[in-house]
Number of protein chains: 2
Amino acid sequence: MTVTSVHDPSHREALWELEDAFERGDLVSLFGRCTVSYEGRAASDLGAGDRLLVLKPDGAALVHTDEGRQPVNWQPPGSEHRAAVREGRLRVVSSRTNPDETLTVRFSAVEQLSAMRVTGGRDLELHGSEEDLRTRILERPDLVEPGFEPRETERPSGAGPMDVFGVDADGTPVVVELKRRRVGPDAVGQLARYVRALREELGVEGDGDLEGEGDRDGESAPEVRGVLVAPSVTDRAAERLADRGFAHVALEPAPDG
Amino acid sequence: MTVTSVHDPSHREALWELEDAFERGDLVSLFGRCTVSYEGRAASDLGAGDRLLVLKPDGAALVHTDEGRQPVNWQPPGSEHRAAVREGRLRVVSSRTNPDETLTVRFSAVEQLSAMRVTGGRDLELHGSEEDLRTRILERPDLVEPGFEPRETERPSGAGPMDVFGVDADGTPVVVELKRRRVGPDAVGQLARYVRALREELGVEGDGDLEGEGDRDGESAPEVRGVLVAPSVTDRAAERLADRGFAHVALEPAPDG
DNA sequence: CACTTCATATCGGCG
DNA sequence: CGCCGATGTGAAGTG
């Protein structure tokens with residue numbers, strides 16, 4: 001039997017089933033009327049109501065209401081689950097250290113408890129990620145611009161690793177920042193940090209990070225260029241790109257949108 | 001009866017129960033052997049295995065394995081759930097528009113199905129958020145620095161609303177950026193954007209965003225100051241704060257850690 | 001709607 | 001274990 005299920009169990013029955021399930025390493029689903037409290041990185045309290053509590057053998061705990069993709073309360077993997085009957089209620093506690101945090105669920109009534117043996121694949125094949133975008137660019141560098149030559153991915157810098165480093169048709173160093181979706185100003189800031197770090201590393205004067213310094217329009221170009229590759233950018237991001245003298249290349253992770 | 005539960009149902013039985021549950025607006029929990037595919041913002045495939053599928057009346061769908069806080073696949077609230085029996089399997093499809101995306105779960109065998117009527121509170125009382133940190137500072141501005149006077153929260157600027165705007169003991173404008181936990185360089189970039197926008201708005205020359213311009217050490221101070229309030233900062237963030245001439249104030253959302 | 005920012009973000013990779 | 005950045009991030013607030 002891969003699933004054990006009890007309907008409207010007493011707290012004692014529920015406790016036995018829970019402890020057996022923990023022992024077996026089963027995935028547990030508990031539904032009933034409960035209150036929830038959390039203390040750790042923050043603190044929270046949730047009044048009485050019907051919720052679905054999922055306890056995973058890796059230590060994860062999820063409290064779900066009838067709304068939202070996110071659990072209303074949770075505990076990350078690596079926690080330890082314990083159960084007991086106290087003051088006429090079934091108490092389930094999940095806690096961990098580093099950081100210290102504890103989730104406590106107190107059931108006044110359990111309406112359904114299921115313990116399930118889980119087997120089978122967990123490996124998800126995902127397509128359309130930033131890595132796909134990088135692969136696409138390495139295979140067809142001209143999509144960034146004619147004459148672009150990638151030299152290195154994850155190239156280290158004083159500001160962290162840059163997505164793609166290369167040179168343009170003139171041999172000028174180019175820092176490329178990749179985003180799989182439409183981006184805001186933060187991505188431009190990220191690109192700017194890498195460009196700045198590389199300018200310092202190469203001892204390039206550049207024209208700095210400020211707009212309107214006056215020596216960009218015309219002949220003097222920055223000696224390290226920044227290119228943001230993303231499907232699209234917000235207006236604010238576009239302004240900031242212009243300020244910094246960076247380019248935007250509209251490109252999706254996959255050939256079609 | 002607030003919970004309907006069936007063990008090892010036939011696909012037909014499961015389908016009836018599912019359709020009834022959708023009709024009633026119940027929360028559904030389905031466990032069994034299945035494959036999962038998604039297509040939308042990205043695309044993914046997941047081979048056969050035992051998983052827990054949760055279907056919420058608000059349109060959210062969650063596929064959970066025995067590991068991780070996050071569902072291995074999901075569909076956001078606002079989606080529409082449909083079920084059918086096709087090719088000897090129970091097929092559950094959840095889809096939405098804007099963006100167009102579809103989650104498909106195909107069960108070769110359903111081992112447990114529960115439909116649960118959910119009532120009761122969803123309102124979580126949370127403490128320790130950034131808003132708590134703001135409240136703390138507004139009540140005790142001296143925690144930022146002696147003589148600090150908050151003037152406005154969420155003050156608009158060309159770079160978006162700043163957390164707290166005020167003046168220091170000398171009457172110099174101060175932009176305060178709040179973070180509830182330890183921060184990296186991105187937070188400094190965010191603060192820098194606000195400071196810069198305010199300098200432009202006030203027509204202040206300032207000393208720019210670049211370090212080493214030479215006119216900071218000594219008499220000439222920036223005419224708009226930036227202060228980052230957070231429990232702690234990373235080394236890289238500290239460097240960047242120093243570059244920009246910004247201050248860090250170590251403070252937690254709540255009086256104790 | 002789009003844009004921006006917060007989150008008990010979670011998660012993975014690297015040093 | 002801390003730092004850093006990606007995520008089909010999600011969710012809230014605002015214009």
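Order of the sequence lines sets the chain letters (A, B, ...), proteins ahead of strands, with each chain counted from 1. A quick note: this is a predicted structure, and the numbers were derived from the prediction, not measured.
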What does the list of N/O pairs under 3.5 Å between the protein and nucleotides 11-13 of chain C look like, with a distance for each?
| from | atom 1 | to | atom 2 | distance (Å) |
| --- | --- | --- | --- | --- |
| C:dC11 | OP1 | B:R69 | N | 2.7 |
| C:dC11 | OP1 | B:Q70 | N | 3.1 |

Around atom CZ of A:R182, are there more than 12 heavy atoms from other residues, nucleotides or ligands closer than 6.0 Å?
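Result for CZ/A:R182: enclosed.
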Check whether more than 12 heavy atoms from other residues, nucleotides or ligands sit under 6.0 Å from atom CD of B:E130, and answer yes or no.
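Yes, enclosed.
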Hey, does [X] reach any base, or is it just sugar-phosphate, or nothing, if we go heavy atoms under 4.0 Å?
X	result
A:E101	base
B:R193	sugar-phosphate
B:N98	sugar-phosphate
B:A187	nothing
A:E131	nothing
A:R96	nothing

Tell me whether the side-chain N or O atoms of A:E177 pair up with the base of D:dG5 as donor and acceptor below 3.5 Å, since no angle test is needed here.
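For A:E177, whose side chain was compared with the base of D:dG5, there is no donor-acceptor pair (under 3.5 Å).
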Looking at the base of C:dT5, is there any donor atom on it, or on the side chain of A:D186, that sits under 3.5 Å from an acceptor on the other one?
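Such a pair does not exist between side chain and base.
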Return yes if a side-chain donor-acceptor contact under 3.5 Å exists between A:T153 and A:D163, otherwise no.
no
Please give, in whole Å, the distance from [N] [atom2] to [X] [atom1]?
X	N	atom1	atom2	result
A:L124	D:dA6	CG	P	20 Å
B:K179	C:dT4	NZ	C1'	11 Å
A:D100	C:dT8	CG	C1'	14 Å
A:H127	D:dT7	NE2	C1'	16 Å
B:D163	C:dT4	CG	P	16 Å
B:L133	C:dT8	CG	P	14 Å
A:R41	C:dT8	CZ	C1'	4 Å
A:R182	D:dT7	CZ	P	18 Å

Choose from [options] the nucleotide whose nearest atom is closest to any side-chain atom of [X].
X	options	answer
B:R180	C:dT5, C:dA7, C:dT10	C:dA7
B:W74	D:dC4, D:dG8, C:dT8	D:dG8
A:E130	C:dT8, D:dA6, C:dC6	D:dA6
A:T234	C:dT8, D:dG8, C:dT4	C:dT4

Please name the pair of heavy atoms, one in B:P76 and one in B:S79, separated by the smallest distance, quoted to 0.1 Å.
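Reported closest heavy-atom pair: O-OG, 2.7 Å.
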Could B:R89 and B:F107 be counted as a cation-pi pair, given that NZ or CZ must be under 6.0 Å from the ring centre and within 45° of the axis?
no
Within 45° of the axis and under 6.0 Å from the centre of the six-membered ring of B:F165, does NZ or CZ of B:R155 qualify?
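Verdict for B:F165: a cation-pi partner in B:R155.
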Taking only side-chain N and O atoms of [X], does any of them lie within less than 4.0 angstrom of OP1 or OP2 on [N]?
X	N	result
B:Y194	C:dT4	no
B:Q75	D:dG8	no
A:R181	D:dT7	no

A:E239/A:R244 ion pair, N-O < 4.0 Å
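Here A:E239 does not pair with A:R244 in a salt bridge, since their nearest N and O are not under 4.0 Å apart.
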Give a yes or no on whether a salt bridge exists between A:K179 and A:E177, defined as a side-chain N under 4.0 angstrom from a carboxylate O.
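Salt bridge: yes.
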Say you pick atom [atom1] in [N] and the same atom in [M]; how far apart are they, in whole Å?
N	M	atom1	answer
C:dA7	D:dT7	P	22 Å
D:dC4	C:dT8	P	22 Å
D:dG8	C:dT5	P	22 Å

5′-ward residue of the pair B:S44/B:D235 relative to DNA chain D
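Nearer the 5' end of the strand: B:D235.
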Do the side chain of A:H81 and the main chain of A:S94 share a donor and acceptor less than 3.5 angstrom apart?
no
